[in-house]
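Below: one structure, written as C-alpha cells.
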Amino acid sequence: MTGKISIGVCGWGDHDDLYTQGVKPKDKLAVYASHFPIVELDSSFYAILPQKQYQAWAQQTPDGFGFVVKPHQAMTGHQRGAKRLEERREDLFQRFAESIEPLVAAGKLKALLFQFPPWFTLTREHVNYVQWCVQTFARYPVAVEFRHMSWFAEPYREKTLSLLRAIGAIHVVCDEPQVGSGCVPIVPEVTDRRLALVRFHGRNRAGWRNPGGMQNWRDVRYLYRYSEAELAEWRPRIERLAAQADEVCILFNNNSGGDAVRNAKQMIGMLGAHPQGLHPRQLELF
C-alpha cells in the first residue's frame with residue numbers, strides 16, 4: 001500500500017465506550033482525538049453552525065486531525081415540502097462556506113461530504129446539480145455519496161464514475177444493505193487521487209428502509225456489528241484504493257448499538273493503520 005490510511009467514526013458524542021465516567025460533553029472531542037485521527041461531522045447537516053463552534057473544534061484537536069463535514073440537508077435535497085428553507089441556493093451555500101472557514105484556515109477540513117438521499121435518482125437535472133455543487137466548492141475536496149441504485153446500474157456505472165472524475169469529485173465507496181433501489185453496491189473505485197472515502201453503514205437489511213413509519217427507525221437503521229470475516233473482505237479493496245489514492249479515509253457509521261468504535265479499532269489493527277500525532281490518552285483522566 002502506498003496511500004495513507006486514516007480510520008474513524010461518525011460523530012464523537014455517542015460512543016460511550018471511549019469515555020470514562022465523568023467526561024463532560026465539551027471534552028469528548030479532545031478524548032476522541034486520542035483514539036482516532038479523523039471524524040465525520042454530522043451536526044452541520046442539521047444547522048448552519050456559527051464560526052465560533054468550528055473554531056472551538058479546531059482548537060480541541062491536534063495538528064493533522066481531519067473533519068469530514070456534511071453540508072446542510074437543504075443543500076443535498078433532504079428537506080422537502082414544508083421543511084424546505086426559503087433561501088436562495090447561492091446564499092445558502094455562501095453561508096455554509098463562511099461557517100466552516102475556521103476549519104479550512106486550520107487545515108483540518110478533510111472533505112465536504114455531499115450525501116444525497118435515496119430519492120435523488122439519476123436524471124439530467126440531478127447530474128447538473130451535482131456538477132454545480134462540486135464547482136461551487138471547487139476550493140475544497142468534495143465527496144459525493146449516492147443512495148439510489150440507478151447511479152450504478154448498468155450501463156450507467158462507468159458513466160457515473162466518469163462524471164465524478166471529470167468534475168473533480170471524490171466517489172464515496174459504501175458498504176450498506178442491498179435492499180431495493182434505495183441503496184448502492186460496493187464500487188471500490190478512485191475518482192480523485194487526493195482521497196478515497198469509504199463509509200461503513202452496516203448490513204441491517206431489515207432496518208435499512210422504513211416502510212412502516214417507525215418512530216425510532218433511525219435508531220435501528222445502523223444497528224449492525226461487522227464480523228472479523230466481513231471486515232477482512234475489505235482488506236484487498238482498501239489496499240487497491242490505497243495504491244491509487246494519496247489517502248484513504250474510512251468511517252464507521254454503524255453505531256445504533258455502539259459498534260462503530262469496536263469495528264473501527266478492529267480495522268486499524270487488521271490494516272496496521274495505527275495513527276500518529278493523536279492527543280495523549282491521559283486526557284481521559286480529566
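With sequence neighbours excluded, no residue forms a salt bridge (charged side-chain N to carboxylate O under 4.0 Å, His left out) with D42.
N254 and N263 form a side-chain donor-acceptor contact under 3.5 Å, judged by distance and modelled atom types alone. A donor-acceptor contact closer than 3.5 angstrom links the side chains of E98 and Q94.
Within the 4.5 Å cutoff, the side chain of Y129 has no heavy atoms near those of the T123 side chain. Between N204 and Y222, every side-chain heavy-atom pair lies at or beyond the 4.5 Å cut-off.
Ring geometry for F200 against F252 counts as parallel: the plane angle stays under 30°, on a 0 to 90° scale with 60° as the upper cut. Ring pair W132/F93 is perpendicular by interplanar angle, where above 60° counts as perpendicular and below 30° as parallel.
I250 and L278 sit in two unconnected hydrophobic clusters of ILVMFWY residues. Membership requires side-chain heavy atoms under 4.5 Å apart, directly or through other members. F116 and M149 fall into different hydrophobic clusters, defined by Ile, Leu, Val, Met, Phe, Trp and Tyr side-chain heavy atoms under 4.5 Å apart, directly or through other members.
Put simply, the side chain of H279 never gets that close to the backbone of H35: no donor and acceptor are under 3.5 Å apart.
With side-chain heavy atoms closer than 4.5 Å counting as contact, directly or through intermediates, the hydrophobic cluster containing L195 also holds I38, V68, L113, I170, V172, L197, L251.
With respect to D246 and K4, no salt bridge is recorded, no charged nitrogen being found less than 4.0 Å from a carboxylate O.
Taking the six-membered ring where the residue is Trp, the centroids of W12 and Y32 are separated by 6.0 Å or more.
When the shell of 6.0 Å around CD of E230 is examined, it contains more than 12 heavy atoms from other residues, nucleotides or ligands.
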*In sequence, state the C-alpha distance, the side-chain angles, and the governing distance for H171 and F152, and then conclude on ring-ring contact (aromatic ring centres under 6.0 Å, His included).*
CA-CA 12 Å; H171 160 58; F152 294 107; 5.5 Å; yes
